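Scroll down for the structure; my scribbles are underneath it.
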Amino acid sequence: MKLATWNVNSLNVRLPHVEQWCTSARPDLLGIQETKLEDAKFPRTAIEALGYEVVFSGQKTYNGVALLAKQPIRDVVTDVPGLDDPQRRILVANVGELRVANLYVVNGQAVGSEKYAYKLDWLDKVTRFLEGELRNDPRLIVMGDFNIAPDDRDVYDPLAWKEQILCSTPERDALRRLLDLGLVDSFRRFDESAGKYSWWDYRQAGFRRDLGLRIDLVLAGAPVMERAEAASIDREPRTWERPSDHAPALLELSDV
DNA sequence: ATGGTCGATCTTCGA
């Protein structure tokens with residue numbers, strides 16, 4: 001079973017890339033972020049034509065998440081208790097024997113800003129919610145655009161990014177608290193090397209110069225990690241014409 | 001050189 005997360009930065013623009021990538025990589029489960037589409041405009045028919053079930057929680061212009069799966073999707077949650085948030089950033093559902101949370105974590109703009117405070121509060125409340133989910137069933141996957149580089153190996157220039165947005169200690173501590181519930185950054189189980197990125201800024205020819213960060217993660221509970229066979233980041237769609245600024249991050253599990 | 005590029009909806013904001 002192949003799981004993936006991909007921030008597509010407008011599904012309206014990137015639908016051909018999603019179609020191309022799903023056809024070639026054939027993920028069984030794909031979490032998408034930044035659809036930037038209200039639900040009435042979601043391309044359900046095109047996604048179903050690829051052979052997927054799909055659920056989505058979107059809004060106009062910003063944010064928006066979706067979950068595509070080869071298996072039936074059940075028990076969908078789009079709102080977290082105690083987080084009365086109009087921003088559509090979370091989608092949790094059962095797929096097969098897994099519970100899957102797809103997150104578009106707040107970017108936070110700049111350390112100390114209002115959006116930064118919202119980011120830390122959002123992470124705190126989502127972590128508390130996921131703590132309950134894990135207690136119910138540890139077969140949990142938490143995937144998405146975390147907008148946090150876990151450590152300096154995940155940053156092309158750690159000195160320039162030191163205590164900056166996406167890399168600050170409070171953000172990394174918030175991610176640590178989520179992991180400490182009993183989740184593993186699956187990519188690091190297979191690759192401890194520095195310089196494996198999932199996002200490159202459109203500006204300054206970031207991708208060509210490999211000036212990237214690893215901020216797209218697949219976290220897995222212990223029973224899921226026992227089945228983990230490989231984890232990777234597929235840079236290929238980032239080379240395509242008019243790409244998203246993110247690449248898909250993957251986790252492959254042995255079948256039960 | 002105090003920028004740079006995208007996307008969505010305006011001529012600005014968010015990333």
Side-chain angles (χ1 to χ4, degrees), chain A residues 5-21 31-43 46-47 56-66 83 85-91 102-123 126 143-150 154-168 170-172 174-175 197-217 233-249:
Chain A
T5 174
W6 192 8
N7 180 323
V8 299
N9 186 18
S10 169
L11 184 56
N12 197 34
V13 173
R14 232 65 69 188
L15 179 59
H17 283 199
V18 170
E19 291 172 329
Q20 178 63 44
W21 193 72
I32 288 177
Q33 305 87 37
E34 281 206 273
T35 57
K36 299 187 178 180
L37 286 173
E38 53 194 320
D39 290 348
K41 296 191 173 171
F42 192 93
I47 298 297
F56 38 86
S57 176
Q59 66 185 96
K60 201 174 170 183
T61 309
Y62 303 120
N63 310 311
V65 285
L83 187 62
D85 190 359
Q87 301 194 23
R88 302 289 81 197
R89 297 180 173 276
I90 182 164
L91 208 162
N102 180 30
L103 308 184
Y104 175 46
V105 176
V106 179
N107 174 284
Q109 194 176 54
V111 173
S113 67
E114 272 183 36
K115 293 194 179 89
Y116 184 74
Y118 165 54
K119 180 178 197 171
L120 295 179
D121 181 62
W122 191 93
L123 283 164
V126 169
M143 59 164 60
D145 175 359
F146 282 74
N147 270 316
I148 301 170
D154 304 309
V155 183
Y156 68 92
D157 186 346
L159 197 58
W161 284 80
K162 188 179 172 62
E163 296 303 335
Q164 300 301 304
I165 195 67
L166 316 185
C167 299
S168 73
E171 291 166 87
R172 286 176 169 173
L175 176 60
Y197 309 131
S198 66
W199 169 83
W200 301 261
D201 201 309
Y202 286 124
R203 293 167 287 191
Q204 297 177 301
F207 184 67
R208 182 179 59 74
R209 301 162 67 201
D210 201 21
L211 307 180
L213 304 179
R214 190 175 68 92
I215 56 177
D216 300 275
L217 312 175
I233 298 166
D234 186 356
R235 299 164 58 104
E236 202 205 325
R238 191 62 176 77
T239 70
W240 295 346
E241 193 173 342
R242 208 177 177 193
S244 168
D245 44 353
H246 295 253

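Remember, predicted model here, so these are calculated numbers, not experimental data. Labels below follow one simple rule: chain letters A, B, ... track the order of the sequence lines, proteins then strands, and each chain is numbered from 1.
Looking at A:Arg203 and A:Asp245, no side-chain N of the basic residue comes within less than 4.0 Å of a carboxylate O on the acidic one, giving no salt bridge.
Comparing B:dG7, B:dG4, B:dT9 against the side chain of A:Thr61 picks out B:dT9 as the nearest. Side-chain atoms of A:Lys60 lie closest to B:dT9 of the nucleotides B:dT9, B:dA8, B:dG7. For A:Gln109, counting side-chain heavy atoms from C-beta on, the closest listed nucleotide (B:dT5, B:dG7, B:dG14) is B:dG14. Here B:dG14 is the nucleotide among B:dA15, B:dG14, B:dT5 with the atom lying nearest to any side-chain atom of A:Tyr62.
The gap from the C1' atom of B:dT11 to that of B:dG7 amounts to 15 Å, rounded to the nearest Å. Nucleotides B:dA1 and B:dT12 place their C1' atoms 23 Å apart, quoted to the nearest Å. B:dC10 and B:dC6: their P atoms are spaced 22 Å apart (whole Å). Nucleotides B:dC13 and B:dT9 place their C1' atoms 9 Å apart, quoted to the nearest Å.
Using a 4.0 Å heavy-atom distance criterion, A:Phe207 is classed as making no nucleic acid contact.
Under a 3.5 Å cut-off, the side chain of A:Trp6 and the backbone N or O of A:His246 do form a donor-acceptor pair. In this structure, the side chain of A:Lys119 engages the main chain of A:Asn107 through a donor-acceptor pair within 3.5 Å.
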Inset, instruction - Please assess A:Asp157 against A:Lys162 for the test salt bridge (charged side-chain N to carboxylate O under 4.0 Å, His left out), listing each intermediate value before the final yes or no. - result: CA-CA 9 Å; A:Asp157 186 346; A:Lys162 188 179 172 62; over 6 Å; no
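Here B:dA15 presents its C1' atom at 11 Å from NZ of A:Lys119, a figure rounded to the nearest Å. What separates CG of A:Asn9 from P of B:dT9 is a distance of 13 Å, to the nearest Å. Note: CG (A:Leu166) to P (B:dG14) measures 16 Å, nearest angstrom. In this structure, A:Asp245 places its CG atom 9 Å from P of B:dG7, rounding to the nearest Å. Rounded to an integer number of Å, the gap from A:Asn63 CG to B:dC13 C1' is 13 Å. Between A:Glu34 atom CD and B:dG7 atom C1' the separation is 9 Å, expressed in whole Å. If you measure from atom CD of A:Gln33 to atom C1' of B:dG14, you get 17 Å, rounded to the nearest angstrom. Atom NZ in A:Lys36 sits about 8 Å away from atom P in B:dG7, given to the nearest Å.
Of the residues near DNA chain B, A:Asn7 and A:Tyr202, the one whose nearest nucleotide (by heavy atom distance) lies more toward the 5' end is A:Tyr202. The residue among A:Asn147 and A:Arg242 whose nearest nucleotide of DNA chain B lies closer to the 5′ end is A:Arg242.
A:Glu114 CD: 12 or fewer foreign heavy atoms inside a 6.0 Å radius.
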